[in-house]
Visitor: 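Take a look at this one; I'll ask things after.
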2 protein chains.
Amino acid sequence: MKILIVDDHPVVRAGLKALLAGEAEVAGEAATGEEAVAMAAALHPDVVLMDLQLGPGIDGVEATRRVLALPRPPRVLILTTYETDTDIVSAVAAGASGYLLKDAPPEELFRAVRAAAAGQSAMSPPVVARLARRVREPGSELSARETEILQLLAEGLTNDQLARRLFISRATVKTHLVHIYAKLGVDSRTAAVTTAVERRLIRLD
Amino acid sequence: MKILIVDDHPVVRAGLKALLAGEAEVAGEAATGEEAVAMAAALHPDVVLMDLQLGPGIDGVEATRRVLALPRPPRVLILTTYETDTDIVSAVAAGASGYLLKDAPPEELFRAVRAAAAGQSAMSPPVVARLARRVREPGSELSARETEILQLLAEGLTNDQLARRLFISRATVKTHLVHIYAKLGVDSRTAAVTTAVERRLIRLD
DNA sequence: GCGGCCATCAACCATTGGGTTGATCCTCCG
DNA sequence: CGGAGGATCAACCCAATGGTTGATGGCCGC
């Protein structure tokens, strides 16, 4: 079985290579998303172990999409540090066969790689738990408009500036904020921004 | 030269072990701070490679302090993902001989380990740059108290909660906030938090 | 010892923000 | 067709926030 490792940290690449040495053949290593797509096309691995955070360039989700768009695509296993709702959902939506956390024990990694190669899907228990909670807890997703407002909130805008920026009234801004607070389980704009950043609903840059 | 690796991620431990194989003898691996102190006492390594985020139990800074309090203490090299001001300062204050980032190339890691073993200090270029900016930019420095308040701001606390948490009056909280806003060039708590996160003065976790 | 910086507190005031209720209009979906 | 959910707006109230001025005591360094 041939594996392609995609991670921007040399230390992690070396670790995965060392751990997988007895289990499978590590056909190559990529440090960026672009590199990952090129190497997947050239090497035809069975499984791609993909990090989501890849530094500059395309991220792991986009790289997953492109890898799976190749002819005779490999299976893609996400291996990342975070387990945010949006990360998980977007990775699965992109077609990933599994989602593992980096602090998982090596045995779990082996099992997941074997499962992926066999065409099955594999999730870390914490990831499964998070997805389950999403199913139990439906209307908790933010709308596009709400996410847009959150992003501007993070720039420190007042409700008034927000209203002018979006060509809506202050009342509407406040209504959106109330909904956002309810969905995020907070009761202030600052808390909304920090939890949104933690859950990767928005990004600071 | 004997090295002790301290990191809560099995993948990272394996990676460091693999990378260092040709350079030094990896005498042991620890997954928690407590384990790290015990193994440092038992194995007498020359250098301890210490992560700052260690999951439950004592963190890397406290573990560093305790390791350096041992008789015939080893050198401690911090190897972590983040480069926040407070992390760097507290690690150096705890007596760390160096501060590396996990995305550093392996050669830099080798150099730093050799330097640490020789009693010299070693810092990643981004870390050095951050410390240098601290020196160049004196007046805009946040005090320890102000950083503490910022961190709590990021949790979404109100001024009143802040006051109770820190056993000071609301008036004092407001004074601190005014100073923080001035130093960061903002005029709201939300903007203060986001720019502080962007400048890596605090971290969200 | 004096100036500078920090931490602490007070009182005032205008603006902003959060909570509530209720409403209209739209689109999507069963 | 009817309901669900999203986006829009209004009026009300109270609490929280930000801006200002001014004051005290501690500590450090020149």
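Throughout, protein chains are lettered first and strands after them, A, B, ... in sequence-line order, and every chain is numbered starting at 1.
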Visitor: So what does A:T158 hit on the nucleic acid, given a heavy-atom distance under 4.0 Å: a base, only sugar-phosphate, or nothing?
Guide: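 Sugar-phosphate: the residue A:T158, judged by heavy atoms under 4.0 Å, touches backbone atoms but no base.
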
Visitor: Would one find a side-chain N or O of B:N159 under 4.0 angstrom from OP1 or OP2 of D:dT17?
Guide: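 Yes, such a contact exists.
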
Visitor: Roughly how many Å is it from CG in B:L142 to P in C:dA7, rounded to a whole number?
Guide: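 Rounded to the whole Å, the gap is 10 Å.
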
Visitor: Nearest to the A:L177 side chain among C:dG18, D:dG19, C:dC6, which nucleotide is it?
Guide: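 Of C:dG18, D:dG19, C:dC6, C:dG18 is nearest to the side chain of A:L177.
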
Visitor: When only distance counts, do a donor and an acceptor, one from the side chain of A:K174 and one from the base of C:dG19, lie under 3.5 Å apart?
Guide: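 Result: at least one qualifying N/O pair found.
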
Visitor: Would you mind classifying the nucleic acid contact of B:S143 as base, sugar-phosphate or nothing, using non-hydrogen atoms under 4.0 angstrom?
Guide: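 Sugar-phosphate contact only - B:S143 comes under 4.0 Å of backbone atoms but never of a base.
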
Visitor: A:T175 near the nucleic acid: base, sugar-phosphate alone, or nothing, with a heavy-atom cut-off under 4.0 Å?
Guide: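 Base contact.
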
Visitor: With rounding to the nearest 0.5 Å, note down the distance linking CG in B:L162 to NE2 in B:H176.
Guide: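 Here the rounded value is 9.0 Å.
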
Visitor: Tell me: CG of B:L184 to P of D:dG18, nearest whole Å?
Guide: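 These atoms are roughly 13 Å apart.
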
Visitor: For the pair made of CD in A:Q161 and P in C:dT15, what is the distance, rounded to whole Å?
Guide: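 One finds 15 Å between P of C:dT15 and CD of A:Q161, rounded.
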
Visitor: So what does B:R170 hit on the nucleic acid, given a heavy-atom distance under 4.0 Å: a base, only sugar-phosphate, or nothing?
Guide: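 Touches nothing.
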
Visitor: Return the 5'-most residue of the pair A:L157, A:V178 with respect to DNA chain C, ranking by each residue's nearest nucleotide.
Guide: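 On the 5' side of the pair lies A:L157.
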
Visitor: Heavy-atom count around B:R203 CZ within 6.0 Å, excluding the residue itself: above 12?
Guide: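 Check passes, neighbour count above 12.
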
Visitor: Answer yes if the side chains of B:E108 and B:S124 hold a donor-acceptor pair under 3.5 Å, and no otherwise.
Guide: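 Yes, side-chain donor-acceptor contact under 3.5 Å.
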
Visitor: With a cut-off of less than 4.0 Å, is there a side-chain N or O of A:H179 near OP1 or OP2 of D:dG6?
Guide: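 A:H179 to D:dG6 OP1/OP2: no side-chain N or O under 4.0 Å.
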
Visitor: Counting only N and O atoms by type, is there a donor-acceptor contact under 3.5 Å from the side chain of B:T64 to the main-chain atoms of B:A96?
Guide: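 No, the answer is negative, given that no donor and acceptor are paired below the 3.5 Å cut-off.
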
Visitor: Measure from the side-chain heavy atoms of A:A171 and tell me the nearest of D:dG19, D:dC9, C:dG17.
Guide: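 The answer is D:dC9, which lies nearest to the side chain.
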
Visitor: Measure from CG on B:L166 to P on C:dT8 and round the result to the nearest Å.
Guide: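 Roughly 8 Å, once rounded to whole Å.
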
Visitor: Taking only N and O in the side chain of B:R189, is any of them less than 4.0 Å away from OP1 or OP2 of C:dG17?
Guide: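 B:R189 to C:dG17 OP1/OP2: no side-chain N or O under 4.0 Å.
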
Visitor: Could you work out which one of C:dC9, D:dT8, D:dG6 sits closest to the side chain of B:I168?
Guide: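 Of the options given, the side chain of B:I168 lies nearest C:dC9.
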
Visitor: Consider the side chain of B:E146, meaning its heavy atoms from C-beta on, and name the nucleotide among D:dA10, C:dA7, D:dG19 that approaches it most closely.
Guide: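 Side chain of B:E146 sits closest to C:dA7.
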
Visitor: Say you draw a straight line from CZ of B:R164 to CZ of B:R170; how long is it, rounded to the nearest 0.5 Å?
Guide: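 The CZ atom of B:R170 is 7.5 Å from CZ of B:R164, to the nearest 0.5 Å.
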
Visitor: Choose from C:dA10, D:dT8, C:dT8 the nucleotide whose nearest atom is closest to any side-chain atom of B:S169.
Guide: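 So the nucleotide nearest the side chain must be C:dA10.
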
Visitor: To the nearest Å, how far apart are B:D160 CG and D:dA15 C1'?
Guide: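 Answer to the nearest Å: 10 Å.
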
Visitor: Given atom CZ of A:R164 and atom C1' of D:dC9, what is their separation to the nearest angstrom?
Guide: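 For the pair A:R164 CZ and D:dC9 C1', the rounded distance is 17 Å.
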
